[in-house]
Amino acid sequence: MPYIKQEDRARLDKIVQQMQEAGITANGDLNYLLYAFCKRHVSPSYNNYKNFIGELNQCATEIERRILAPYEDEKIQENGDV
């Protein structure tokens with residue numbers, strides 16, 4: 001995942017906080033937001049769409065690596081492996 005500079009995070013963290021306050025969840029809300037952002041703000045070109053999709057894929061990979069995998073390891077310890 002591309003780690004952004006500390007000074008750039010505060011600006012983006014405000015948006016994350018606003019999303020939380022608005023009750024945005026991963027049950028369709030987030031999908032709508034990302035799609036709408038792409039449709040309205042990504043300049044139409046194959047490369048731009050490819051880059052946007054790449055960002056989404058890398059985010060999913062980072063969630064799996066840093067959040068989901070440790071959670072699964074914790075549950076294996078609690079419940080035993082297959």
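For clarity, every value in this text was computed on a predicted model and none was experimentally measured.
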Query raised in the report: side-chain contact (heavy atoms from CB on, under 4.5 Å) between Ile53 and Lys50: does it pass, once the steps are laid out?
Result: CA-CA 5 Å; Ile53 291 169; Lys50 177 182 63 72; 5.9 Å; no
**Report entry** Steps toward side-chain contact (heavy atoms from CB on, under 4.5 Å) verdict (Met19, Leu33)
**Finding:** CA-CA 10 Å; Met19 290 173 66; Leu33 283 173; 4.0 Å; yes
Query raised in the report: In terms of hydrophobic clusters joined by side-chain contacts under 4.5 Å, are Leu34 and Ile63 together?
Result: no
Query - Residues Gln58 and Glu62: side-chain donor-acceptor under 3.5 angstrom - result: no
Query raised in the report: Would a hydrophobic clustering, with Ile, Leu, Val, Met, Phe, Trp and Tyr connected at side-chain separations under 4.5 Å, put Leu30 with Val16?
Result: no
Report summary line: Rounded to the nearest 0.5 Å, the OH atom of Tyr71 sits from the CD1 atom of Ile67 at a distance of 12.5 Å
Query raised in the report: Say you draw a straight line from CD of Glu21 to NZ of Lys14; how long is it, rounded to the nearest 0.5 Å?
Result: 12.5 Å
**Report entry** Contact summary for Ile4 and Leu12, nearest pair of heavy atoms
**Finding:** CD1-CD1, 3.4 Å
Requested in this report: Determine whether Phe52 and Ile15 fall in the same hydrophobic cluster, where Ile, Leu, Val, Met, Phe, Trp and Tyr are linked whenever their side-chain heavy atoms lie under 4.5 Å apart.
Outcome: yes
Requested in this report: Using modelled atom types only, decide if a donor and an acceptor are shared between the side chain of Asp81 and the backbone of Ile76 within a distance under 3.5 Å.
Outcome: no
Requested in this report: With rounding to the nearest 0.5 Å, note down the distance linking CG in Asn48 to SG in Cys38.
Outcome: 9.0 Å
Query - Straight-line distance of Leu56 CG to Thr61 OG1, nearest 0.5 Å - result: 11.0 Å
Requested in this report: Would you tell me whether Thr25 and Asn27 have side-chain atoms, one donor and one acceptor, within less than 3.5 Å of each other?
Outcome: yes
